[in-house]
K.L.:
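Attaching a single structure in structure tokens format; questions to follow.
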Amino acid sequence: MKVDVQLTINGQPAQFRVEPTERLVDTLRERAGLTGTKEGCGVGECGACSVLLDGKLVSSCLVLTVAAHGCRVDTVEGLARDGRLNDLQRAFIEEGAVQCGYCTPGMLMAAEYLLGRYARPTTEQIRQAISGNLCRCTGYRKIVSAIRKTARQRAARRTGR
Amino acid sequence: MIDYLRLSQLDDVLEMLWAEGPGILMLAGGTDILVRPQPFAGARILLDISRVEQLRDIAVDPADDCLVIGAAATHEEVAWHPQVSRRAQLLAQACRLVGSAQIRNLGTLGGNLGNASPAADSVPALACLDAEVVLSGRNKQRRLPVLEFFTGPGSSVRQPDEVISSLRLPRQRGRQVSFFLKAGQRRGMCCSKASVAFRARSHSDGRLSGVRVALGAVAPTVVRVPEAEQVLEGRRIEPRLIDEAAAACSRAARPIDDIRSTAEYRKAVVGALLTDGLFRLGDKMKQRRRPRRRRPR
Ligand SMILES: Cc1cc2nc3c(=O)[nH]c(=O)nc-3n(C[C@H](O)[C@H](O)[C@H](O)COP(=O)(O)OP(=O)(O)OC[C@H]3O[C@@H](n4cnc5c(N)ncnc54)[C@H](O)[C@@H]3O)c2cc1C
Ligand code: FES
Ligand code: FES
């Protein structure tokens, strides 16, 4: 039997009628048209489908849409404001942290999750934070520097320097 | 065709299990269920227990001073809970090593047990902490030592009308030392090929008592290794004993060859993990024992 599900996606209320077995990654991509979130492995191992569910980083290929009822879902599409990429996204470009780009949305969400919890993460914490996200192109170092750079910039902005 | 039902009261869950038991598939974090080849085969009702508050509490029971961890608490919640860090550091450590943040924010202790994989990382830690599993049904409840819950890979003593409601960890007396180590394909995101949990009380003279050693992923279920425990009981950590205890672990391992690893590798690696953990622990304890110079008043 189909089930009514209400979500708040990137701040906007949304409603879907779905089979109990539908995965959140499919609802986002196929119904909400938010194709930023990628499916890589479909079994929780690559992190390409990472989104924030009520503020917590999860693999959307492992979440049933019905189970997310009433939750906030934040995807990569929510990072840009008024058509302008956010500082983290710009840092990824500036540092050359994007090649094919398939892992990028998941990496960005994992990085935002980290930065939301630690204002000044160590390099080890950054590496830990993206340990659930596979990248086949960049070799990770540029991704780590982009995240480190953003952390520094945000800390500087907070202290007003 | 499967129906979905989300309940928020434990009593309602028990009522539902009693009425529909065998047709029910309980869903907690879904991180095991959704990666199965046929996730919903054979089930009529998908019962979502992830929002039952009574199953998520982590608190000390004043009646017997046990730390009670609700089965639907996620690995991330368990890993960073102050009471768990204070009283069951070993479990916090094991939960922090589960998968990645994406997995730990979804996966639960109850699901880790319910899936009954011999590679479940929380289980060796729980075994070393003398934890009991609480199984609840309508008008019934039973407690059993965590390792008695499992009967083989993927199977347990749970009846279709029972839910794993919590884990009870008794208070440990004295200064505790412990470690959990696992070997896998890569550091993030991976199921153990072999894991070792160790806990003991450490006395001021460096001797250990109440030694517990448990191994994951090297037998059909998680196992304790009494032979290794006896080697260290009442003794100080020293290289000869480490070798003996490690050999006992390798002997106790009854691994299978599978997609993740060969039996031979697993036998060798559990011994190496214990050796590594004990050497590091021994060093740490020695540093602590070295008399400190008194500060002048
Ligand atoms: C990419 C990836 C990496 C992983 N890495 C690790 C790892 O490093 N270490 C590790 O140990 N595991 C790992 N796992 C496995 C999994 O995440 C854990 O076993 C997790 O604890 C399962 O919990 P869950 O709530 O998601 O279970 P679910 O999938 O919801 O349920 C699993 C089973 O338990 C049953 N169940 C759930 N809750 C209860 C309950 N309260 N009472 C009775 N039955 C119940 C369900 O019906 C089902 O049969 C990994 C999984 C993935 C996909
Ligand atoms: S697609 Fe979800 S983790 Fe790979
Ligand atoms: S940029 Fe190609 S996978 Fe990361």
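Note that the structure is predicted; figures quoted are calculated from it, not measured. Residue numbers start from 1 in every chain, and the chains themselves are labelled A, B, ... in the order their sequence lines are given, proteins ahead of strands.
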K.L.:
Quick one: what part of B:Arg51 sits under 4.5 Å from any heavy atom of chain A, side chain, backbone, both or neither?
P.N.:
side chain

K.L.:
Tell me which of these, A:Lys2, A:Arg23, A:Lys56, A:Met109, has more heavy-atom pairs under 4.5 Å with chain B than the rest.
P.N.:
A:Lys56

K.L.:
Of all heavy-atom pairs between A:Gly132 and B:Gln102, which one has the smallest distance, and what is that distance?
P.N.:
O-NE2, 3.9 Å

K.L.:
Taking all non-hydrogen atoms of both residues, which atom of B:Asp48 and which atom of A:Ala67 are closest, and how far apart?
P.N.:
OD2-CB, 3.6 Å

K.L.:
Where do B:Leu34 and A:Val43 land on the side chain to side chain contact (heavy atoms under 4.5 Å, CB included) test, with the steps shown first?
P.N.:
CA-CA 7 Å; B:Leu34 266 79; A:Val43 291; over 6 Å; no

K.L.:
Measure from the side-chain N and O atoms of B:Asn105 to the backbone N and O of A:Leu57, and report whether any donor-acceptor pair falls under 3.5 Å.
P.N.:
yes

K.L.:
Verify, without hydrogens or angle tests, whether B:Arg6 (side chain) and A:Val66 (backbone) share a donor-acceptor contact under 3.5 angstrom.
P.N.:
yes

K.L.:
First locate atom CZ of A:Arg117, then atom CH2 of B:Trp80, and finally report the distance between them rounded to the nearest 0.5 Å.
P.N.:
7.5 Å

K.L.:
Quick one: what part of B:Thr31 sits under 4.5 Å from any heavy atom of chain A, side chain, backbone, both or neither?
P.N.:
both

K.L.:
For A:Val51, which atoms come within 4.5 Å of any heavy atom of chain B: side chain, backbone, both, or neither?
P.N.:
neither

K.L.:
Under 4.5 Å heavy-atom distance to chain B, tell me which part of A:Cys49 shows up: side chain, backbone, both or neither.
P.N.:
neither

K.L.:
Would you say that more than 12 heavy atoms from the other residues, nucleotides or ligands in this model lie under 6.0 Å from the CZ of A:Arg84, or not?
P.N.:
no

K.L.:
Given heavy-atom pairs under 4.5 angstrom as the criterion, report whether the side chain, backbone, both or neither of B:Ile2 touches chain A.
P.N.:
both

K.L.:
Is chain A contacted by the side chain of B:Ile33, its backbone, both, or neither, given a heavy-atom distance below 4.5 Å?
P.N.:
neither

K.L.:
Can you establish whether the number of heavy atoms outside A:Lys38 located under 6.0 Å from its atom NZ is more than 12?
P.N.:
yes

K.L.:
Measure the shortest side-chain to side-chain distance between B:Leu46 and A:Thr21 over non-hydrogen atoms and say whether it is less than 4.5 angstrom.
P.N.:
no

K.L.:
Among the options A:Leu64, A:Val3, A:Ile130, pick out the one with the most heavy-atom pairs lying under 4.5 Å from chain B.
P.N.:
A:Leu64

